[in-house]
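Here is the structure we will look at, set down as structure tokens.
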Amino acid sequence: MTKRASFRSERGGVHVLLAALLAIIPAVLLWGVAWSWLLHAHTISKSKPLLDQAARAASMNVNKAEAALGRIVWDGQAGRDDFFRYLRLNFRLAPDMTPLAGSPLTAAPFVHRLEFVEHPSYPYLLTRSITVHEGGDKHTVRRVQVTIYGPSVLAIVELASPQLGGGREEPIVLSSVASVRFR
């Protein structure tokens with residue numbers, strides 16, 4: 001049989017077809033995983049700058065009388081108020097923190113920590129542990145490490161990222177550090 005005749009031969013055609021169909025299944029699964037990762041990365045890249053702005057707004061609230069004496073004392077209540085105000089404005093959230101139309105979020109964000117942190121020496125590697133899905137079968141502890149270079153405000157927020165298929169949402173834990181320095 002010549003080379004040209006072997007191309008016209010129909011023997012083994014079913015095997016080639018089955019092999020092609022079996023190759024499609026992993027390709028579709030890989031596409032689904034890649035798409036979910038893309039959604040996850042997109043949520044992070046859109047949300048991180050918005051969270052950074054809210055943390056910066058919180059860090060701007062220092063006690064002016066103490067600052068005049070050279071001490072940095074964070075005004076916690078005013079800082080929290082500004083943080084949540086900017087968080088609602090940036091993410092287009094209702095006063096009860098539920099997403100409004102046009103919000104990049106699908107569910108209300110959960111603020112795990114908003115705190116003023118300082119250390120006797122800088123730079124300092126600060127570590128916090130955050131629990132997501134507490135008490136359920138998806139109970140997970142996430143460790144957040146940030147480097148602070150002076151007195152700072154730390155915000156750790158959990159956002160829900162939609163997953164492809166099944167209506168599941170993967171929690172994204174984002175941290176933001178805003179230094180309280182007057183330059």
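Note that the coordinates shown come from a computational prediction; the quantities given were computed from them, not determined experimentally.
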**Asked** Is the number of heavy atoms from other residues, nucleotides or ligands under 6.0 Å of H42 NE2 greater than 12?
**Response**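 Atom NE2 in H42 is not packed in, count stays at 12 or less.
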**Asked** Would you say Y124 has more than 12 foreign heavy atoms packed within less than 6.0 Å of its OH?
**Response**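 Above 12, so yes.
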**Asked** Does a side-chain heavy-atom distance below 4.5 Å link S47 with L174?
**Response**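 Heavy-atom side-chain distance check passes, below 4.5 Å.
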At their closest point, which heavy atom of [X] faces which heavy atom of [Y], and how far apart are they?
| X | Y | answer |
| --- | --- | --- |
| T106 | A160 | OG1-O, 3.8 Å |
| P123 | T147 | CB-CG2, 3.9 Å |
| A55 | A178 | O-CB, 3.5 Å |
| W74 | S59 | NE1-CA, 4.2 Å |
| S103 | F91 | OG-O, 2.6 Å |

Which value, rounded to the nearest 0.5 Å, describes the distance between [X] atom [atom1] and [Y] atom [atom2]?
| X | Y | atom1 | atom2 | answer |
| --- | --- | --- | --- | --- |
| M97 | F84 | CE | CZ | 5.5 Å |
| R142 | I172 | CZ | CD1 | 9.0 Å |
| R143 | I130 | CZ | CD1 | 12.5 Å |
| M60 | F83 | CE | CZ | 16.0 Å |
| L105 | K46 | CG | NZ | 9.5 Å |
| Q145 | S175 | CD | OG | 10.0 Å |

Same cluster (ILVMFWY, side-chain, under 4.5 Å), [X] and [Y]:
| X | Y | result |
| --- | --- | --- |
| V173 | V146 | yes |
| F110 | L87 | no |
| L93 | L51 | yes |
| Y122 | V177 | yes |

**Request:** Apply side chain to side chain contact (heavy atoms under 4.5 Å, CB included) to V141 and V132, showing your working.
**Result:** CA-CA 6 Å; V141 176; V132 294; over 6 Å; no
**Request:** Quick one: name the residues clustered hydrophobically with I25, using the 4.5 Å side-chain heavy-atom rule over I, L, V, M, F, W, Y, and just say none if it's on its own.
**Result:**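 I25 clusters with L22, L29.
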**Transitive ILVMFWY cluster of L89, excluding itself - 4.5 Å side-chain cut-off** =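 None, because no other hydrophobic side chain comes under 4.5 Å of this residue.
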**Exam field: side chain T98 to backbone A94, donor-acceptor pair closer than 3.5 Å** =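 Flag not set: sc T98 to bb A94 has no pair under 3.5 Å.
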**Item:** Residue pair L50, Q53: steps toward the side chain to side chain contact (heavy atoms under 4.5 Å, CB included) verdict
**Value:** CA-CA 5 Å; L50 301 177; Q53 290 174 354; 4.3 Å; yes
**Asked** Would you call the rings of W31 and W35 parallel, tilted or perpendicular if under 30° counts as parallel and over 60° as perpendicular?
**Response**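 Parallel.
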**Message:** Go through it in stages, so that I can follow the logic: the residues are F116 and I72, the test is side chain to side chain contact (heavy atoms under 4.5 Å, CB included), and I'd like the CA-CA distance, side-chain angles, deciding distance and then a yes or no.
**Reply:** CA-CA 10 Å; F116 179 73; I72 297 176; 4.0 Å; yes
**Request:** Applying side chain to side chain contact (heavy atoms under 4.5 Å, CB included), run through R128 and V117 and close with a yes or a no.
**Result:** CA-CA 12 Å; R128 296 287 188 256; V117 291; 3.9 Å; yes
Which pairs would a plain distance check flag for residues 148-159, meaning a side-chain donor or acceptor within less than 3.5 Å of a matching protein atom at least two apart in sequence or in another chain?
{"residue": "S152", "atom": "OG", "partner": "G150", "partner atom": "O", "Å": "2.7"}
{"residue": "E158", "atom": "OE1", "partner": "H112", "partner atom": "NE2", "Å": "2.7"}

**Request:** Could you tell me whether D81 and R85 make a salt bridge, using a distance below 4.0 angstrom between a side-chain N and a carboxylate O?
**Result:**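 Salt bridge between D81 and R85, a charged N being under 4.0 Å from a carboxylate O: no.
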